[in-house]
Amino acid sequence: MGSNAELAEMFARMADVMQLVGENAFKAIAFQRVSRVLEETGIDVVAASKSGELPPIEGIGESSRRIIVEYAQTGKSRDYEQLIASVPAGVLEMLRIPGLGPKTVALLWRERGIESVDALEQAIGQGKLAGLKGVGAKKIASMLDGIRLLKAGMQRRGFVVVAPLVEEMLERLRSDARVGQAEAAGSFRRRRETVGDVDLLCWVHSSEDAQAVIESFCTQNGVEKVNASGRTKGSILVDKGFQIDLRIVPKENFGAALLYFTGSKEHNVKLRGLAQEQGMTLNEWGLYRVDQYNKAEKKPGEPPTIKPVAGGDEKSVYSALKLGYIEPELREDRGEIEAGIAQRLPRLVTREDIRGELHCHTTASDGRASIEQMAEAAKAMGYEYIAITDHSVSSVIANGLAPERLKAHIAAIRKAQDRVKGIHILAGSEVDILIDGSLDYEDALLAELDVVIASPHVSLKQDTAKATDRLLRAIESRYVHIIGHPTGRMINQREGLPLDMPKVIAAAAQAKTALEINAGWPRWDLNDLNARAAANAGVMISINTDAHAIESLGDIVMGLWVARRAWLTPTQIVNCMTYKQLMAWLKVKR
DNA sequence: GCCGTTTTCGGCCCGACTGTTTTCAGTCG
């Protein structure tokens with residue numbers, strides 16, 4: 001076996017070890033970067049190494065290449081094994097304790113022989129940490145807090161799960177008369193599917209109010225712990241250990257702060273490097289000319305006393321760095337800065353570009369609204385068309401339609417079109433991709449439909465070979481227009497099919513079958529990276545809500561977030577086509 | 001370890017907050 005994910009994990013572990021043994025910090029950072037690049041690249045590096053065709057990849061140098069190639073050929077790496085053997089596994093685990101870093105873990109290990117999280121907890125209980133340099137009562141208390149959090153299982157929470165909490169916090173801030181403007185930043189603003197913590201940002205009318213706003217933030221109802229409470233920055237835990245940070249800056253610095261707090265960290269690092277190359281320095285206060293920037297005059301919590309080149313709003317900062325505006329969804333250091341330099345940033349899809357819905361359900365299967373109701377709702381959204389795609393016969397729980405019922409349903413859809421004007425109603429089906437990749441209806445019946453979406457619903461724990469073959473069969477069917485939620489994953493709930501995604505994408509490109517971004521939570525399937533890889537390979541993407549009720553048609557905005565994170569432009573999206581274009585596209589395979 | 005329209009060597013982003021300290025190291029984002 002062997003995969004990018006396994007290699008990424010290896011490099012991440014090696015970086016951990018390097019930090020612990022006091023290796024040059026930049027080496028560890030370099031390996032962390034290799035790990036991230038491996039996770040995100042569309043290139044199957046193991047397969048490429050085996051065939052001797054591993055292309056140069058930015059961030060992966062000679063040493064890392066050697067490790068990758070050795071691993072691809074032998075299934076292991078001597079460098080990795082040697083390095084990993086030098087530190088007990090439990091010590092590496094201690095790095096996961098929030099608030100504990102490599103220096104302290106190394107100190108505990110070397111000075112007190114503590115080799116696991118449990119051993120640390122015991123040692124604290126027995127007072128064995130006494131006399132350690134730099135470790136006082138408060139630090140010990142914070143270690144116990146960290147251990148408690150770690151054991152409570154601090155996984156990243158789903159975007160939609162934390163959204164109400166964020167809205168509530170913002171509401172509270174905005175209703176504070178001292179606050180001028182409050183926004184959510186961080187991975188929440190970048191619309192990542194999961195969020196590790198939430199970053200809020202605001203400016204206040206009078207700088208004397210800043211500390212008081214932080215204080216009221218840190219003492220509001222529901223606060224379980226205050227991690228930090230300074231003049232411009234507060235950090236709290238709420239809702240069983242979920243971290244929320246608040247940062248306050250003057251209005252004039254809001255743009256630079258929003259940029260800084262939105263991240264990603266990797267995006268920021270690269271931007272700062274770019275600023276440096278241009279004789280400037282970028283921080284959360286603004287963009288400054290380096291020859292004017294005198295660190296000695298910089299007081300913590302207060303803006304630098306010199307005039308910034310830019311900083312009032314984000315656009316001015318990007319523009320001063322000779323970049324086009326980079327949308328928050330792109331800020332992951334996945335090539336957006338290079339694209340900005342080359343003035344080749346994508347024109348990301350927006351809500352206004354969406355002309356129709358191609359995947360929804362009605363009361364015929366497991367939906368809650370009639371054909372007419374769904375069509376009227378789509379029309380009210382300004383759509384030109386909607387495809388009604390109820391479940392097929394094998395989806396028994398979803399009241400899937402047997403062939404005869406489907407025929408009657410098609411007739412009902414045609415009839416509904418007579419009653420509802422101003423929107424085209426297409427007859428479709430979400431047909432099950434069965435375990436072996438065959439479809440749930442005969443070809444002759446599929447041929448009667450305007451739109452066919454084929455989706456996997458059951459047996460989502462197949463191995464990679466079986467799952468991939470299963471999807472390929474459906475992709476290659478001349479009657480299938482779109483593969484619905486291709487992996488079947490549910491964020492934070494189930495993994496879904498372990499597809500060989502490069503293979504699936506290549507087949508879809510070849511067969512001219514579109515892949516879906518299912519906008520429904522917790523699917524968001526395809527995810528951003530796979531959707532981007534697919535679109536780059538020439539595969540059309542359809543952003544579908546899979547709505548089972550009128551309100552869910554509005555989920556399209558979530559699908560758009562994923563699509564924007566995937567760099568998609570309207571020309572790559574099926575349901576950005578006009579009705580006429582769509583009808584032509586639907587006939588291409590047949 | 002990685003990288004190069006000023007570099008194949010010498011850099012590598014920057015600031016806030018905390019805790020244990022008298023001037024700073026560690027951690028985080």
Side-chain angles (χ1 to χ4, degrees), chain A residues 11 14-15 18-19 22-35 37 56-68 79 83 95 97-108 131-143 145-146 185-187 190 195-201 210-211 214 218 226-235 243-249 253 256-257 259-288 290 293 295 298-304 333 341:
Chain A
F11 277 96
M14 287 193 278
M18 286 175 177
Q19 287 191 303
E23 177 67 87
N24 178 350
F26 292 108
K27 273 193 188 181
I29 290 170
F31 269 26
Q32 276 168 1
R33 173 140 190 251
V34 171
S35 172
V37 168
I57 302 173
E58 175 156 1
I60 301 182
E62 255 330 292
S63 304
S64 299
R65 273 181 88 85
R66 264 204 309 277
I67 293 173
I68 291 168
D79 284 347
L83 209 50
L95 285 175
I97 300 172
L100 266 199
K103 293 282 164 56
T104 313
V105 170
L107 184 77
L108 293 167
L132 264 185
K133 191 172 182 330
V135 178
K138 284 191 175 177
K139 204 158 217 173
I140 289 171
S142 121
M143 283 182 204
D145 277 333
S187 52
R190 302 199 310 277
V195 177
D197 61 12
V198 167
D199 304 292
L200 304 177
L201 181 68
Q211 182 131 26
I214 294 284
C218 290
V226 177
N227 284 332
S229 174
R231 291 179 12 171
T232 61
K233 189 172 170 181
S235 176
Q243 185 173 327
I244 315 245
D245 295 342
L246 172 66
R247 179 64 181 263
I248 299 182
V249 298
N253 307 81
L259 187 63
Y260 160 82
F261 233 175
T262 297
S264 66
K265 183 174 191 257
E266 291 79 10
H267 178 87
N268 287 350
V269 166
K270 204 161 236 182
L271 269 191
R272 285 174 166 155
L274 190 64
Q276 250 197 352
E277 283 173 25
Q278 300 180 17
M280 296 181 279
T281 180
L282 177 64
N283 55 40
E284 55 262 59
W285 300 99
L287 182 66
Y288 300 89
V290 92
Y293 198 82
K295 274 188 179 173
K298 175 76 188 70
K299 288 184 198 154
E302 284 175 33
D333 186 25
I341 292 169

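To find a chain, count down the sequence lines: A is the first, B the second, and so on, and within it residues start at 1.
Between B/dC2 and B/dT6, the two P atoms lie 24 Å apart (nearest whole Å). Taking atom C1' in both B/dC24 and B/dT20, the straight-line distance is 9 Å, to the nearest Å. Rounded to the nearest Å, the gap between the P atom of B/dG29 and that of B/dT23 is 29 Å. For the P atoms, the distance from B/dG26 to B/dT21 is 13 Å, rounded to whole Å. Comparing B/dC12 with B/dT7, their C1' atoms sit 13 Å apart, to the nearest whole Å. Comparing B/dC13 with B/dC17, their P atoms are spaced 22 Å from each other, to the whole Å. Comparing the P positions of B/dT8 and B/dG15 gives an interatomic distance of 29 Å, to the nearest angstrom.
The separation between A/Lys139 atom NZ and B/dA25 atom C1' is 8 Å, rounded to whole Å. In this structure, A/Ile248 atom CD1 and B/dA16 atom P are separated by 14 Å, rounded to whole Å. If you measure from atom CZ of A/Arg33 to atom C1' of B/dC3, you get 9 Å, rounded to the nearest angstrom. Spacing between atom CZ of A/Phe261 and atom P of B/dA16 amounts to 12 Å, rounded to whole angstrom units. Counting to the nearest Å, the P atom of B/dC13 and the CD1 atom of A/Ile29 are 7 Å from each other. Distance, A/Asp245 CG to B/dT27 P: 18 Å, rounded to whole Å. Taking atom CD of A/Gln276 as the reference point, atom P of B/dC12 lies 6 Å away to the nearest angstrom. Rounded to whole angstrom, the span from the NZ atom of A/Lys133 across to the P atom of B/dT20 amounts to 12 Å.
No engagement by A/Gly263 is indicated, since no non-hydrogen atom pair under 4.0 Å with the nucleic acid exists. Contact annotation for A/Thr232: backbone-only contact, meaning every heavy-atom pair under 4.0 Å involves sugar-phosphate atoms and none involves a base. Nucleic acid contact class of A/Ile60 (heavy atoms, under 4.0 Å, all strands): sugar-phosphate only. At the heavy-atom level, A/Ser229 lies under 4.0 Å from the strands shown only through sugar-phosphate atoms. A/Leu271 comes within 4.0 angstrom of no nucleic acid atom, judged by non-hydrogen atoms across all strands. Nucleic acid contact for A/Ala25: none, since no nucleic acid atom lies under 4.0 Å from a heavy atom of the residue. Within the 4.0 angstrom heavy-atom criterion, only backbone atoms of the sugar-phosphate kind lie near A/Asp197; the bases stay farther away.
Closest to the A/Asn24 side chain, of the nucleotides B/dC12, B/dA16, B/dT27, is B/dC12. Among B/dT18, B/dG1, B/dC14, the nucleotide with an atom closest to any side-chain atom of A/Arg272 is B/dC14.
For B/dC2, one of the phosphate oxygens OP1 or OP2 lies less than 4.0 angstrom from a side-chain nitrogen or oxygen of A/Ser64. Contact between the side-chain N/O atoms of A/Thr104 and the OP1/OP2 oxygens of B/dT27 is found at a separation under 4.0 Å. Using a 4.0 Å cut-off, no side-chain N or O of A/Lys103 falls inside it from OP1 or OP2 of B/dA25. Look at A/Trp285 and you won't find any side-chain N or O under 4.0 angstrom from OP1 or OP2 of B/dC14. Not one side-chain nitrogen or oxygen of A/Ser142 sits closer than 4.0 Å to the OP1 or OP2 atom of B/dG19. One finds a side-chain N or O of A/Ser63 lying less than 4.0 angstrom from the OP1 or OP2 phosphate oxygen of B/dC2.
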Report the C-alpha distance between A/Gln19 and A/Gln32 in whole Å, list the side-chain angles of each, state the deciding distance to 0.1 Å, and finish with yes or no for side chain to side chain contact (heavy atoms under 4.5 Å, CB included).
CA-CA 11 Å; A/Gln19 287 191 303; A/Gln32 276 168 1; 4.1 Å; yes
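Contact of the A/Glu302 side chain with the A/Arg231 side chain is registered, since non-hydrogen atoms from C-beta on lie closer than 4.5 Å. Between A/Met143 and A/Leu100 there is a side-chain heavy-atom pair separated by less than 4.5 Å. Counting heavy atoms from C-beta outward, A/Ile67 and A/Met14 have side chains that approach closer than 4.5 Å. For the pair A/Phe261 and A/Val249, the minimum side-chain heavy-atom distance is 4.5 Å or more. Using a 4.5 Å heavy-atom threshold, the side chains of A/Val135 and A/Leu107 count as touching.
For the pair A/Gly99 and A/Asn283, both in contact range of DNA chain B, the more 5′-proximal nearest nucleotide belongs to A/Asn283. In this structure, A/Gly61 and A/Thr281 both approach DNA chain B, and ranking their closest nucleotides by distance from the 5' end singles out A/Gly61.
Under the Watson-Crick or G-U wobble criterion, with both distances below 3.5 Å, B/dC9 is paired with B/dG4.
The line from CG of A/Leu201 to CG of A/Leu246 is 7.5 Å long, rounded to the nearest 0.5 Å.
No hydrogens or angles were tested; on distance alone, nothing pairs the side chain of A/Asn268 with the base of B/dG29 as donor and acceptor under 3.5 Å.
Ring-to-base geometry places A/Phe26 in a stacked arrangement with B/dC12 (centre distance under 5.5 Å, plane angle under 30°).
Shown here, B/dT7 is classed syn by the O4'-C1'-N9-C4 or O4'-C1'-N1-C2 angle, which is within 90° of 0.
Remark: A/Lys103 NZ is loosely packed, at most 12 non-hydrogen atoms of other residues, nucleotides or ligands lying under 6.0 Å away.
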